[in-house]
Amino acid sequence: VIRNAWYAVGLSADFPARKLEGQVVAGRPIVLWRAESGEVTALDARCAHKRFPLWEGKLLDDGSLECAYHGFAYDADGRCVAIPALHEASDRIPVTARQRKYPVVEQDGLVWLWPGDGEPGEVVRTPELASPDWETISTEPMQVAANARLLIENLFDLTHFYPLHADNIGSLADAMVPVEIERGDGWLKTTRRRSGFTMPPMTRDRFGLEVADQVQEHAMVGPGLFHVVVKVAPPGKLGTEEEQSFVLYQTITPVDHGHLVWRRYTSCRAGSRWAGSPDRSLVEAIVAGAPKVIEQDRWAVERQQEMFAYPDEGYKEVHVKTDGAVVMARRMLDELEDTPELPQVQSQPARRAADIV
Amino acid sequence: MTELLWGFCERCELWRLERWGAPAVCPFCGGEPHPIERMEDGVARVALTLELPPGSELPLLS
């Protein structure tokens, strides 16, 4: 698991005032809430006293977070500010009663957390998500019982459209599309260009084109963010006002070696219409076609993950030429890997709304 | 960005990240990599030139 990275923990709207949130990110249990200052704060969720999970606690009137076990209370910086058992005038709060505070950045409508020990870098911008010029639909976070790498590989690997997605968006021809792979420091991108092809029924319904040119870009811009851009236009019209497009940000947040949380944010330019249902927006059309595809991808990576329970004993994966982007992504992630051993947890803790006393 | 480039060695049946030399030769088997990356403005690029049959379906979502 890679800890020295920014990972999405939700939308800004997922953090209303006085609501506690518990998450495990890269093997670290973390309690989050929007503090009195308006900023989202993230602390180690294990109470410094007896390891009790602070996401089971509650926020007090003074803004501090009270542990539900012995009542240790912590401010937004992680300092212990109250211990009910210490009530003598001479008692003092131990200076070591302190929760680790994790870096958080709220940007473009997303909340990002850095679970690592290294110095945080810049958070990649996702401007469409916060722009009134774009209409965005967010899907509910999806828990996936697989290592984050398997999903990243799935997102880069378009040759799996047949047979995995053969009943919706895939075809045998998808394994034969030209791909250009580009890589720079910390990013990897594939681009597929097609000219003058006949659109399949679902795509024709979305964009209202029988024949089109298309550019499709898939980019990993860090271990936690995958960026997809699809542009479609009548032949020869890419880059003109006749071009239609959508942008898809996919955040991949590792829980541990065998679990991740997958979030998807789809954006189209405001005012773009669904050709087949003009009273509805284009972004609705894009999102409407996604659930079955997503479920198939989840099914595939979870079944792959199960096979890692067996020792290799001579097993070796085969590379084929079209695996180029997947192999490159693996190498990039290998170089970022910083936590080889982590216990596995079965699921994320439930979201909790804190009571106000 | 390093001077290491990705290339696909068909004889080894592997994508390899190597210093291939000029002309490019696989340091393990002596085979010729195809395709192989080229550096342009600090970005490494490689094209997999496969063909989509006319009229084939368009995939949209990953």
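Order of the sequence lines sets the chain letters (A, B, ...), proteins ahead of strands, with each chain counted from 1.
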Trainee: Drop me the distance from B:Trp15's CH2 to A:Arg331's CZ, to the nearest 0.5 angstrom.
Mentor: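 Atom-to-atom, B:Trp15:CH2 and A:Arg331:CZ are 14.0 Å apart.
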Trainee: Determine whether more than 12 heavy atoms belonging to other residues, nucleotides or ligands lie under 6.0 Å from atom CD of B:Glu32.
Mentor: no
Trainee: Give, for atom CE of A:Met332 and atom CG of B:Leu17, the distance between the pair rounded to the nearest 0.5 Å.
Mentor: 11.0 Å
Trainee: Identify which part of B:Glu37 has an atom lying under 4.5 Å from any heavy atom of chain A, answering side chain, backbone, both or neither.
Mentor: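 Contact with chain A involves the side chain of B:Glu37 alone.
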Trainee: Does atom CD (B:Glu40) have a neighbourhood of more than 12 heavy atoms from anything else shown, all under 6.0 Å?
Mentor: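 Atom CD in B:Glu40 is crowded, with more than 12 foreign heavy atoms closer than 6.0 Å.
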Trainee: Is there side-chain contact between B:Trp6 and A:Ile181, with at least one heavy-atom pair below 4.5 Å?
Mentor: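 No, too far: nothing below the 4.5 Å cut-off.
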Trainee: Using side-chain heavy atoms (C-beta onward) and a distance below 4.5 Å, is A:Thr322 in contact with B:Phe8?
Mentor: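 Not in contact.
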Trainee: Heavy atoms, side chains only, cut-off 4.5 Å: are A:Met328 and B:Val46 in contact?
Mentor: yes
Trainee: Give, as side chain, backbone, both or neither, the part of A:Val320 having an atom under 4.5 angstrom from any heavy atom of chain B.
Mentor: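 Answer is backbone: N, CA, C or O of A:Val320 sit under 4.5 Å from chain B.
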Trainee: Can you name the salt bridge (charged side-chain N to carboxylate O under 4.0 Å, His left out) partners of A:Asp334, sequence neighbours left out?
Mentor: A:Arg149
Trainee: Which heavy atom in B:Leu48 sits nearest to a heavy atom in A:Lys321, and how many Å separate them?
Mentor: CD1-O, 3.7 Å
Trainee: Heavy-atom count check: over 12 atoms from other residues, nucleotides or ligands less than 6.0 Å from A:Glu295 CD?
Mentor: yes
